[in-house]
Amino acid sequence: MSSYTSGMATPTELLPRDERERRLEEAGYNVFNLASADVFVDLLTDSGTGAMSDAQWAAMMRADEAYAGSESFEELEEAVSEVMGFDRVVPTHQGRGAENVLYGCLIEEGDVVPNNTHFDTTRAHVAANGGDPVDCPADGADDLDSEEPFKGDLDPETVRELAADVGPDRIPVVILTVTNNSVAGQPVSMANIEETRELADELDATFVIDACRFAENAFFISEREDGYDDRPIAEIAREQLSHADAIVMSGKKDGLVNVGGFVGVRDPELFERARQRAILYEGFSTYGGMAGRDMAAMAVGLREAVTEEYLGARIGQVRDLGTRLRERDVPIYTPVGGHAVYVDAERALPQIPLEEFPGQALVCELYREGGVRGVELGSFAFPNAERPELVRLALPRRTYHAEHVDHVAETVGAVLDRREEVRGLEVVSEPENEALRHFSAELRPV
Ligand code: F0G
């Protein structure tokens, strides 16, 4: 058995309750406006907020900061080739940079783009290039209680119907997001990845995998899918991606770094076009907006991310949070996904009508109660979308300890114990672009 020990401690403080109350009011009841120093346990995101290993820090010290032909880029290329099976790599500053580069090359005005479920930035980049992003989740993705093993899957029949409707040549790209962040971090099965490959061939479309959480997805395949339990996770991780024509990657998730990303492609002609576009938006094609240090750290992080020791501890911690919440009768999305536990705010605070944002009310209450910061992914973040009213508690990688997990579960439990007191919210001011309102809108209790 092997595991990690921690070599750097960061203090974190729980402010007194009246201070939390004041900061929340000052933040306009929007936790994106809180300073990180005001937060005790920060579960806003698992993106770029994790801790790096000693090997990653050591690699950073030896990094090559050359503008062109950096050795650290070569290390990253080798790691991507070895761990993910793509030999043509276009580095970018983070995941959405990779989306801009790739989707800008593949999508044209009037195209229709299916995805198991688009993450916000993916949806925005498809739309920015004139495409219509269409979610095609498998049946049951919105069933918060079923124990189906792969609720993140794509429904190929929905895509076929879409193709029959709009014409197959209007669908240039099919995207699969693994794990499916917008469906509670649920995994996608290898069988579904293979089916999506066949579907893309039928439509003569490019098959793209959004690989942000590819290692976590591979862990679930090894645990739940027939024929994979005795295979090394690193091998499964590679096999998943072997079916895709291209990948977009945010290194801030399973790259185990604080910033960085890349596109991986197979087709040399697409590679050339992606490189040219990246020079415009990201930087020269051997750094793409990252420092040499960032690339060196990601090269090491990708290899660490597919180890059984790391993944067992990682997914285990997310599951522990789910178990502790269930012990406190907190309604959550089951099974628990890869990077976060999603609380069903409609059931948690049934007295608050949807127009008064029960999810955002719960987010505020978690901060008020225990200095915990989560994020609302329901009626406040996605106005007009038919989605369950969820609050995501995302665990940064290799950061928090069991005592923090306990504190979070106790905090949510304590809020539910006095749920009748919790009031709904109304929007006081919001930005022009409604799609981005949860980042900066201000609210007040009704
Ligand atoms: N794709 C998925 C599935 C993501 O979850 C994210 C980011 C991105 C693309 C964009 O990557 O942030 O590096 O530009 N998700 C973060 C989150 C922000 O909190 O879930 P990025």
Side-chain angles (χ1 to χ4, degrees), residues 31-32 36 42-50 90-104 113 115-128 133 135 137 141 152-154 173 175-188 208-217 240-241 244 246-264 278 281-282 288-290 294-295 297-298 301-302 305 318 333 337-342 363 373-378 381-382 387 390-397 399 435-436 438-439:
V31 294
F32 279 96
S36 118
D42 200 351
L43 307 187
L44 185 70
T45 180
D46 65 321
S47 180
T49 48
V90 184
T92 62
H93 77 285
Q94 61 182 80
R96 66 201 70 183
E99 294 179 327
N100 177 34
V101 166
L102 186 67
Y103 299 139
V113 177
N115 193 327
N116 45 350
T117 318
H118 289 82
F119 178 68
D120 336 2
T121 58
T122 319
R123 178 178 299 281
H125 277 295
V126 167
D135 290 341
D153 281 356
L154 168 135
V173 183
I175 309 171
L176 203 50
T177 307
V178 307
T179 56
N180 192 337
N181 188 10
S182 305
V183 175
Q186 296 297 302
V188 176
V208 179
I209 293 186
D210 178 330
C212 292
R213 300 180 180 86
F214 77 105
E216 292 172 3
N217 200 71
Q240 305 170 106
L241 305 179
I247 50 174
V248 283
M249 179 70 187
S250 166
K252 302 173 73 168
K253 285 83 171 175
D254 283 349
L256 304 187
V257 288
N258 302 117
V259 77
F262 55 86
V263 174
Y281 290 104
E282 300 293 316
M290 285 181 279
D294 302 327
M295 297 188 285
M298 203 193 322
L302 285 170
V318 177
Y333 190 110
H339 63 296
V341 179
Y342 293 65
V363 166
R373 176 157 69 173
V375 69
E376 195 265 8
L377 297 172
F382 304 102
R387 298 170 64 114
L390 298 175
V391 168
R392 185 182 77 174
L393 303 174
L395 282 154
R397 295 167 179 78
T399 303
L436 302 177
H438 61 297
F439 295 116

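Side chains are part of it too, since the values below use all heavy atoms of this structure and drop only hydrogens, waters and symmetry mates. Owing to the predicted nature of the structure, the values given are computational and were not obtained by experimental measurement. Order of listing sets the numbers, starting from 1, for every ligand and every atom in it. Sequence positions, counted from 1, serve as the residue numbers for this chain.
- For ligand 1, the polar-atom distance check finds no N/O of Thr177 at less than 3.5 Å from any of the ligand's N/O atoms.
- Close approach of ligand 1 to Ser250 is summarised as follows: ligand atoms under 4.0 Å from at least one heavy atom of the residue are 11 (O), 13 (O), 21 (P).
- Polar contact check, Asp210 against ligand 1: a nitrogen or oxygen pair lies under 3.5 Å apart.
- Summarising the geometry, atom CG belonging to Asp120 is positioned 7.5 Å from atom CG belonging to Leu377; distances are rounded to the nearest 0.5 Å.
- From Ile175, atom CD1 reaches atom CZ of Phe119 across 13.0 Å, with rounding to the nearest 0.5 Å.
- From Thr117, atom OG1 reaches atom CG of Asp153 across 10.5 Å, with rounding to the nearest 0.5 Å.
- The protein heavy atom nearest to atom 18 (C) of ligand 1 is Phe119 CZ, 3.9 Å.
- Relative ring orientation between Phe32 and Phe439 is described as perpendicular, the plane-to-plane angle rising above 60° on a 0-90° scale split at 30° and 60°.
- Shown in contact with Lys252 at under 4.0 Å from a heavy atom are these atoms of ligand 1, numbered in order with element: 13 (O).
- Using a 3.5 Å distance cut-off with no hydrogens or angles, the side chains of His93 and Asp294 do not pair a donor with an acceptor.
- Counted by atom type alone, Arg123 and Asn115 present zero donor-acceptor pairs between their side chains at under 3.5 Å.
- Distance from atom 11 (O) of ligand 1 to its nearest protein heavy atom, with residue and atom name: Lys253 NZ, 3.2 Å.
- At least one N or O atom of Gly95, backbone or side chain, sits closer than 3.5 Å to an N or O atom of ligand 1.
- Side chain of Glu282 to main chain of Pro91: no donor-acceptor pair is present (N/O by atom type, distance under 3.5 Å, no hydrogens or angles).
- At a 3.5 angstrom cut-off on N or O pairs, Arg213 counts as close to ligand 1.
- Remark: minimum distance from atom 10 (C) of ligand 1 to any protein heavy atom is reached at Thr121 OG1, 3.4 Å.
- For Ala211 against Leu241, the heavy-atom pair with the smallest separation is CB-CD2, 4.2 Å.
- At a 4.0 Å cut-off, not a single heavy atom of Gly261 sits close enough to ligand 1 to count as contact.
- Scanning Glu99, Arg96, His125 for the heavy atom closest to atom 12 (O) of ligand 1 points to Arg96.
- Under a 3.5 Å cut-off, the side chain of Thr399 and the backbone N or O of Arg397 do form a donor-acceptor pair.
- Proximity to Arg392 (heavy-atom distance under 4.0 Å) selects the following atoms of ligand 1: 17 (C), 19 (O), 20 (O).
- When only non-hydrogen protein atoms are considered, atom 21 (P) of ligand 1 lies nearest to Gln94 NE2, 3.3 Å.
- Of the options Thr92, Thr45, Asn115, the smallest heavy-atom separation from atom 17 (C) of ligand 1 is shown by Thr45.
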